[in-house]
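Computed from heavy atoms alone, side chains included, the values below leave out hydrogens, waters and symmetry copies. Ligands are counted one by one from 1 in listed order, and the atoms in each one are counted from 1 as well.
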Amino acid sequence: VRVSVIHGPNLNLLGQREPELYGRDTLAEVDEALVALGSVLGIEIATFQSNTEGELVDHIQRSGSESDGFLINAAGYTHTSVAIRDALLAVGRPFVEVHLSNPSSRERFRHRSLLADRAVGTVAGFGKASYLLGLRGLAGHLGVTARQATTSDTEES
Ligand code: DQA
């Protein structure tokens, strides 16, 4: 089982960017934790970040055929991008939407997601753990039956 993790714009700045909102973990640390949880669950993780909408669309198209599902934090594009929504629908793989912060508790323009109604589910507000919870949810959706992860596993430390 292979999951493609997609990080949208400004997430390359994770750790320095508004840490009170987004936490102090860097993107590399988030990716490492996902790979570690993936190996517990028996899921191969491929990660990608871009600040550019078209590159995100290209990547979704390219990785679609070799991925069983997507874990996506489209960041600011969550609220605006018909193109990213369409790319995900075009490749037809299940996806889980994640956010570090809870967009619903923030400005009004963040309340709308162009992905949420087609996502398997959404996890928001738990910082790095949103990604890990999202991966567990996607794993369950994909029928991954590897050993049930527990808090003694590598994540959330
Ligand atoms: C975000 C929330 C978005 O509203 C924002 O534009 C981001 C990050 C999050 O992970 O909390 O860049 O997706």
Side-chain angles (χ1 to χ4, degrees), residues 3-38 41 43 45-64 67-91 93-142 149 151 153-157:
V3 166
S4 174
V5 177
I6 297 187
H7 307 285
N10 301 304
L11 293 171
N12 56 310
L13 300 179
L14 218 56
Q16 318 155 30
R17 172 195 184 203
E18 301 182 88
E20 62 293 344
L21 264 176
Y22 298 120
R24 299 210 173 266
D25 293 306
T26 65
L27 192 63
E29 285 163 346
V30 171
D31 285 345
E32 273 166 36
L34 285 168
V35 169
L37 178 58
L41 297 171
I43 295 175
I45 302 288
T47 66
F48 180 77
Q49 190 275 331
S50 176
N51 293 327
T52 306
E53 187 175 22
E55 280 183 12
L56 293 162
V57 168
D58 283 341
H59 183 77
I60 291 165
Q61 288 185 11
R62 255 188 272 112
S63 58
S67 304
D68 298 296
F70 289 95
L71 188 65
I72 180 164
N73 183 352
Y77 288 139
T78 304
H79 317 297
T80 64
S81 180
V82 175
I84 290 174
R85 174 194 176 90
D86 286 349
L88 288 165
L89 298 184
V91 301
R93 297 288 187 272
F95 66 91
V96 168
E97 174 181 356
V98 300
H99 300 283
L100 296 147
S101 69
N102 178 4
S104 298
S105 69
R106 300 178 59 195
E107 304 96 318
R108 248 192 121 65
F109 62 83
R110 296 185 203 275
H111 296 186
R112 182 179 72 152
S113 163
L114 297 193
L115 306 181
D117 66 305
R118 302 305 293 269
V120 175
T122 300
V123 184
F126 300 107
K128 178 173 83 172
S130 290
Y131 283 90
L132 299 168
L133 293 164
L135 180 59
R136 288 177 190 276
L138 182 58
H141 180 81
L142 293 173
T151 46
D153 290 323
T154 48
E155 86 282 30
E156 286 139 12
S157 54

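- Close N/O approach between L100 and ligand 1 is found [any backbone or side-chain N/O within under 3.5 Å].
- Remark: distances from the non-hydrogen atoms of Y22 to ligand 1 include one below 4.0 Å.
- Judged by distance alone, with hydrogens and angles left aside, the side-chain atoms of Q61 form no donor-acceptor pair with the main-chain N or O of D58 at under 3.5 Å.
- Proximity of H7 to ligand 1, defined as any heavy-atom pair under 4.0 Å, is not found for any part of the residue.
- Formation of a donor-acceptor pair under 3.5 Å by the H79 side chain with backbone atoms of S113 is not found in this model.
- Counting protein heavy atoms only, atom 11 (O) of ligand 1 is closest to S101 OG, 2.6 Å.
- Of the possible polar contacts, one joining the N51 side chain to the N10 backbone as a donor-acceptor pair under 3.5 Å is found.
- Panel note: side chain S81, backbone I84; a donor-acceptor pair is recorded below 3.5 Å.
- Put simply, the side chain of S130 gets close to the backbone of H99: a donor and an acceptor are under 3.5 Å apart.
- Every atom of ligand 1 with a heavy atom of H79 under 4.0 Å away is listed here by number and element: 3 (C), 4 (O).
- For atom 12 (O) of ligand 1, the closest non-hydrogen atom of the protein is R17 NH2, 2.9 Å.
- Aromatic ring centres of F70 and H59 lie farther apart than the 6.0 Å criterion allows.
- For a threshold of 3.5 Å applied to N or O pairs, the pair formed by R106 and ligand 1 contains no separation below that value.
- Counting heavy atoms under 4.0 Å from ligand 1, residue R110 touches it through the side chain alone.
- Under the 4.0 Å criterion applied to side-chain N and carboxylate O atoms, D86 and R118 are not assigned as salt-bridge partners.
- For N10, no heavy-atom contact with ligand 1 is shorter than 4.0 Å.
- Between G76 and ligand 1, at least one pair of N/O atoms sits closer than 3.5 Å.
- Checking side-chain atoms of T52 against main-chain N and O of G54 turns up no donor-acceptor pair under 3.5 Å.
- Protein heavy atom in closest approach to atom 1 (C) of ligand 1: H99 ND1, 3.7 Å.
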